[in-house]
Amino acid sequence: MDKPTSAGPGAPREESLGHYEMLWDCGHCETKKLLGKTHRHCPTCGAPQGEAKRYFPTEADKVLVKDHVFTGGDRTCASCGAAQSAKAEHCGTCGASLGVAKAVPLVTPPKPVAKQKSNRIWFIVLGVVLFLVLIWFMCIRKKEIAMQVTGHRWSVVQEIEEYREVSEETWRNEVPGGARQISCSRKQRSTRSVQDGEDCKVEKVDKGDGTFEEVKKCTPRMKDEGVDDDFCSFRIDRWTKVEELKGNGSGLDVKWPPLPASSAQTRIGARRAGPKHGTYTLDLHDGKQARTCDVEEGTWKKYGDGQKIKAQVRARSGELVCASL
Ligand SMILES: [Zn+2]
Ligand SMILES: [Zn+2]
């Protein structure tokens with residue numbers, strides 16, 4: 001981990017900022033801030049360093065270990081409790097064999113104090129729930145009332161199309177065959193994600209040999225960048241809506257407008273019938289007030305004039321819910 005690791009732009013990376021001494025306090029003579037790697041024994045009283053006493057220094061107390069060679073975490077002497085180098089075969093303090101000695105436990109660095117966010121999140125959740133309940137109560141809640149169908153009305157539109165030259169525009173790769181007078185200019189079509197700096201934090205990692213390593217961990221910060229393409233205008237022959245024939249009336253007998261004669265060939269100036277749309281309206285009365293609903297043709301035909309039906313209204317506003325018919 002001593003060299004920066006990187007897999008090119010857009011990938012997270014880690015970089016070692018060096019190794020530093022862990023600290024420990026002598027429990028025998030109360031000497032404080034002894035160095036984890038350098039002071040295997042207390043320089044004041046000679047007591048051995050216990051592995052459980054190590055801690056991370058403050059920024060002011062940090063001591064760099066130059067050219068540190070990591071040979072593995074320490075092991076604890078089962079006989080006297082002193083922390084011993086991973087390479088030692090016998091305890092330097094009491095001489096016991098370290099053959100089956102356990103690795104020292106690693107110290108977890110102190111976490112930055114978490115901000116009191118959780119309470120605020122619950123307040124927001126509660127607020128959203130109350131808001132949704134209010135919306136439901138004011139706008140969505142429904143009740144059923146009796147109504148009578150008092151009439152049927154209809155309104156129809158028949159479009160007429162003509163084959164003629166029109167102007168259109170689109171991206172160059174979507175310009176259709178048969179297009180003429182093509183003229184293009186550059187315009188933003190999409191975006192792509194590109195790196196815009198990085199966000200880094202420094203973590204402390206106990207190496208278990210009396211030192212810790214500072215590791216800088218960085219994740220890329222991304223931003224969107226525009227991607228241009230050719231946008232083209234052109235002339236092309238198309239069937240184009242040129243006229244609307246309209247009709248309306250009441251009752252259940254819908255009369256579509258008569259169609260003009262359509263030409264057999266597709267040539268400039270030829271005409272044909274285009275799409276048609278109908279609007280079907282039911283007149284209703286609930287005993288107090290008249291109401292209307294635009295509905296699907298099938299629903300419109302289902303009810304006869306004078307028929308009594310059940311329909312839903314908004315519980316608060318009294319507005320008729322046409323979709324319930
Ligand atoms: Zn001491
Ligand atoms: Zn020992």
Side-chain angles (χ1 to χ4, degrees), residues 1-7 11-120 198-220:
M1 212 188 276
D2 281 36
K3 283 180 193 159
T5 58
S6 176
R13 63 182 190 90
E14 289 187 11
E15 179 187 346
S16 176
L17 300 180
H19 291 77
Y20 297 86
E21 299 263 7
M22 295 291 284
L23 298 186
W24 63 284
D25 297 340
C26 178
H28 194 68
C29 75
E30 306 298 322
T31 309
K32 308 280 189 212
K33 296 181 183 175
L34 297 165
L35 302 177
K37 179 176 166 60
T38 306
H39 298 145
R40 307 306 292 207
H41 291 83
C42 172
T44 307
C45 73
Q49 180 191 152
E51 101 282 328
K53 295 184 172 174
R54 290 173 183 165
Y55 56 91
F56 287 94
T58 62
E59 284 302 303
D61 291 334
K62 268 163 59 177
V63 176
L64 184 67
V65 181
K66 276 195 182 137
D67 303 322
H68 179 60
V69 179
F70 180 66
T71 56
D74 287 353
R75 292 178 297 162
T76 307
C77 172
S79 180
C80 74
Q84 299 292 315
S85 159
K87 283 178 134 181
E89 287 177 12
H90 291 87
C91 176
T93 302
C94 71
S97 169
L98 294 171
V100 292
K102 281 191 210 156
V104 299
L106 298 181
V107 184
T108 310
K111 286 260 183 290
V113 182
K115 290 174 195 147
Q116 282 209 325
K117 262 188 180 171
S118 57
N119 271 349
R120 204 182 312 163
E198 55 183 9
D199 297 312
C200 299
K201 61 180 181 201
V202 175
E203 286 183 7
K204 293 175 163 63
V205 182
D206 181 7
K207 304 300 284 184
D209 65 346
T211 72
F212 70 93
E213 186 180 18
E214 281 200 338
V215 183
K216 186 175 170 184
K217 293 187 172 177
C218 299
T219 51

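Heavy atoms only: backbone and side chains are in, while hydrogens, waters and symmetry mates are out. Counting starts at 1 for both ligands and their atoms, following the listed order.
- The shortest side-chain heavy-atom distance between His68 and Lys37 falls under the 4.5 Å cut-off.
- Around the Zn ion (ligand 2), the protein atoms of type N, O or S found under 2.8 Å away are Cys77 SG, Cys80 SG, Cys91 SG, Cys94 SG, listed by chain and number.
- Counting heavy-atom neighbours within 6.0 Å of Lys201 NZ, excluding the residue itself, gives a total of 12 or less.
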Under 3.5 Å donor-acceptor pairs involving side-chain atoms of residues 77-90, not counting sequence neighbours:
residue : atom : partner : partner atom : Å
Gln84   : OE1  : Gly92   : N            : 2.9
Ser85   : OG   : Lys87   : N            : 3.1

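- Listed by chain and number, the protein atoms of type N/O/S under 2.8 Å from the Zn ion (ligand 1) are Cys26 SG, Cys29 SG, Cys42 SG, Cys45 SG; waters are omitted.
- Under a 3.5 Å cut-off, the side chain of Arg54 and the backbone N or O of Gly208 do form a donor-acceptor pair.
- The pair Lys32-Asp61 fails the salt-bridge criterion, with no side-chain N (NZ, NE, NH1 or NH2) lying under 4.0 Å from an Asp/Glu carboxylate O.
- Under the 4.5 Å side-chain criterion, counting only non-hydrogen atoms from C-beta, Met22 is in contact with Phe56.
- Between Leu34 and Cys42 the shortest side-chain heavy-atom distance falls below 4.5 Å.
- Taking 4.5 Å as the limit, every side-chain heavy atom of Glu203 sits out of range of all side-chain heavy atoms of Phe212.
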Taking only distance into account, with no hydrogens and no angle test, what donor-acceptor pairs under 3.5 Å do side-chain atoms of residues 23-31 form with protein atoms, sequence neighbours excluded?
residue : atom : partner : partner atom : Å
Trp24   : NE1  : Leu35   : O            : 3.2
Trp24   : NE1  : His39   : O            : 3.0
Asp25   : OD1  : Lys33   : N            : 2.9
Asp25   : OD1  : Tyr55   : OH           : 2.6
Thr31   : OG1  : Thr44   : OG1          : 3.3

